[in-house]
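For reference, the structure discussed in these notes is given below.
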Amino acid sequence: MQKPSIPKGTRDFGPAQVARRQHIFNVIRRTFESFGFAPLETPTLENLSVLTGKYGDEGDQLLFKVLNSGDFAKDVTAADLTVGSKALLPKVAEKGLRYDLTVPFARYVAMNRGTLTFPFKRYQMQPVWRADRPQRGRYREFYQCDADVVGTDSLLCEAEIVLMIAQVLNGLRLDKFTIKINHRGVLRNIYESLYAADSYLGEKGRENDLFVALDKLDKIGKDGVTKELLERGFFGNATDRLFEALEVSGSFEEKLKQLGAFFRKEGVVPDGMGDGSEDYRSLFELNQVRELLAASGFQHFDRLEFDPTLARGLSYYTGCIFEVKINNVQMGSVSGGGRYDNLTGSFGLPGVSGVGFSFGVDRLYDCLEALDLFTVTAETPTRCLITHFDQASGRAALPLLAELRAAGIPSELYPDASKLQKQFKYADAKGIPLVVIMGPEEVAARVVKIKIMASGTERVLPIGEVVKALTVE
RNA sequence: GUAGAUAUAGCUCAGCUGGUUAGAGCGUCGGAUUGUGAUUCCGAAGGUCGUGGGUUCGAGCCCCAUUAUUUACCCCA
């Protein structure tokens, strides 16, 4: 006999867990649909040509590749084996498991460009797979819930993302959250500010190294970031000015102004609208998002934070970027997203702007569990269990069973004529709130006894009035 | 890929410097109640101590290896 097991980083979900997960999905789905997003599903498998190169080198390594069917080794030569796995891969695998929902969506848009009505708004709730080392809040198979819009530059989309995030988290009663927002342009401007002045800082074109290090500021502090930048070839005098740039404080609006003043002081060339404090496009756009939110009646500006250090790993983002954390739980981000100007470009459809974001259902689940916020605990949807004693009473219960179901009350008849004690234990263990007792006495008198499990109270009703009495409650 | 921790009953875990027959709680099953759950009482079943080797008169405990799980780093939902 072998011990059964499931792959690392995957989970089974029992009935109680599924019920709680469905609750999360329902809150998200209702929110997405109320904002006009329509559902889309794409295959679990994508061609590797679609997936590779979209997530950076690290991302490519985390892709699950699927071995070709049949004799997958038939094209492999001895030479391939000596060159190594890189040369071997395209010969043995042409498909992979989807890594996120955004790239398959971009692929879908490019393939169906002729039939879609733009701007195209879709939501998608499906599992994705990453060959990561599992740890807290990190799984190899997990569900994402994405909502994206393609075909418009409007910053209303960004504002609505913030609205949806707040609506979902409030709907889940996870009200202690922080939505961090930044703009890739801000990061670019910061990078430029380091070069705009006279000092030489090291090799140019290493923007990503700067962003990655910057993103860790709140985790490893100034010293840690400085150390990491020096290791990556930036010179010492760069970091001082970097931290000067980041010393912004006050309201969302004030931070934008301070950063604009810093860029001008450092001689960063304006790329924006040219009206005073908004002559940097990134700052202008962030301010626009803020104004649109205010006009939409957004209630949670205390939970929206402009964070110029926020970077996010995925390399395809070009505009606003978001990240959401639950403050009172030790957990990675539960949601993230941003604008990508040219995601469909690599699929032959250039110049289409998209913006979207994603919820990590599994992390939301972990947060809700850590905060003990689940209200759904039932092991079964059954509301009513009919007990019986022998074949005759069991048979006599069937019309009532059908009647209950027709009335929309999920019901079941205990399948065996076991001891009543056993039937009651079954109802209790599964959290079934009502038990109908239908023994020979009840059948003879054309009545049933109904017990409300929570209170322990019982009453006797004529069999014809059962459904009516239960539907009133 | 790098580093650490853990592995004992279905689950969560005790188990003394290495010493007879490895324990508890919860859960399961049976009974107290031949027509009543959760509460109470009584009883029972359930363990090659992850696996393989070594040290020892003697190993759940010490040593080595191996596998699995898990935490952190990198990165990320």
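Between A:K325 and the phosphate of B:A77, there is no side-chain N or O to OP1/OP2 separation shorter than 4.0 Å. Contact check, A:Q135 against B:A72: a side-chain N or O comes under 4.0 Å of OP1 or OP2. Distances shown here put a side-chain N or O of A:K419 below 4.0 Å from the OP1 or OP2 atom of B:G31. In this model, the phosphate group of B:G37 is not approached by any side-chain N or O of A:K422 to a distance below 4.0 Å at OP1 or OP2.
In this structure, A:Y99 atom OH and B:C75 atom P are separated by 12 Å, rounded to whole Å. The CG-C1' distance, from A:D60 to B:C75, rounds to 13 Å in whole Å. Atom CG in A:L310 sits roughly 11 Å away from atom P in B:C76 (whole-Å rounding). Here the P atom of nucleotide B:A68 and the CZ atom of A:R140 are 11 Å apart, to the nearest Å. Rounded to whole Å, the distance from CD1 on A:I321 to P on B:C76 is 11 Å. Rounded to whole Å, the distance from OH on A:Y316 to C1' on B:C76 is 11 Å.
For RNA chain B, the neighbouring residues in residues 439-449 of chain A, judged by any heavy atom under 4.0 Å, are A:E441, A:E442, A:K449.
Between the side chain of A:R363 and the base of B:C76, a donor-acceptor pair under 3.5 Å is found. Judged by atom type and distance alone, A:Q423 does not reach the base of B:U36 through any side-chain donor-acceptor pair under 3.5 Å. For B:C75, the base has a donor-acceptor partner in the side chain of A:R138 [N/O atoms by modelled type, under 3.5 angstrom].
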* A:F142 and A:R363: CA distance, side-chain angles, deciding distance, side-chain contact (heavy atoms from CB on, under 4.5 Å) verdict -> CA-CA 9 Å; A:F142 61 99; A:R363 284 188 178 174; over 6 Å; no
* To do: Check step by step if side-chain contact (heavy atoms from CB on, under 4.5 Å) holds for A:R98 and A:T44.
  => CA-CA 6 Å; A:R98 74 168 98 77; A:T44 295; 3.8 Å; yes
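Residue A:R136 has its side chain nearest to B:A72 when only B:C75, B:U69, B:A72 are considered. Looking at the side chain of A:I437, the nearest of the listed nucleotides B:G35, B:A77, B:G37 is B:G35. Listed candidates were B:U36, B:A77, B:A38. Nearest to the side chain of A:D428 is B:A38.
A:T309 and A:D307 share a donor-acceptor pair across their side chains, judged by distance under 3.5 Å alone. Counting only N and O atoms by type, the side chains of A:Y365 and A:R20 include a donor and acceptor under 3.5 Å apart.
We find the CZ-OH distance between A:F347 and A:Y108 to be 14.5 Å, quoted to the nearest 0.5 Å. A:M438 contributes atom CE, which lies 11.0 Å from atom CD1 of A:I450 (distance to the nearest 0.5 angstrom). Note that CE of A:M453 and CG of A:L385 are 8.5 Å apart. Values are rounded to the nearest 0.5 Å.
Between A:G137 and A:G456, the residue anchored closer to the 5' end of RNA chain B is A:G456, taking for each the nucleotide with the nearest heavy atom. Between A:P134 and A:K216, the residue whose closest nucleotide on RNA chain B is further toward the 5' end is A:P134.
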* Structure fact -> Given Watson-Crick and G-U pairs under 3.5 Å, RNA chain B in dot-bracket ([ ] crossing, | other strand) is (((((((..((((.....[...)))).(((((.......))))).....(((((..]....))))))))))))....
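Salt bridge annotation for A:D366-A:R136: absent, with no cationic side-chain nitrogen under 4.0 angstrom from a carboxylate oxygen. Salt bridge absent: A:K95 and A:E46 never bring a charged side-chain N and a carboxylate O closer than 4.0 Å.
For A:F32 and A:F35, the ring centers sit 6.0 Å or farther from each other.
An aromatic stacking contact links A:F142 with the base of B:A77, defined here by ring centres under 5.5 Å apart and ring planes under 30° from parallel.
Using a 4.0 Å heavy-atom criterion, one finds that A:S358 contacts no nucleic acid atom at all.
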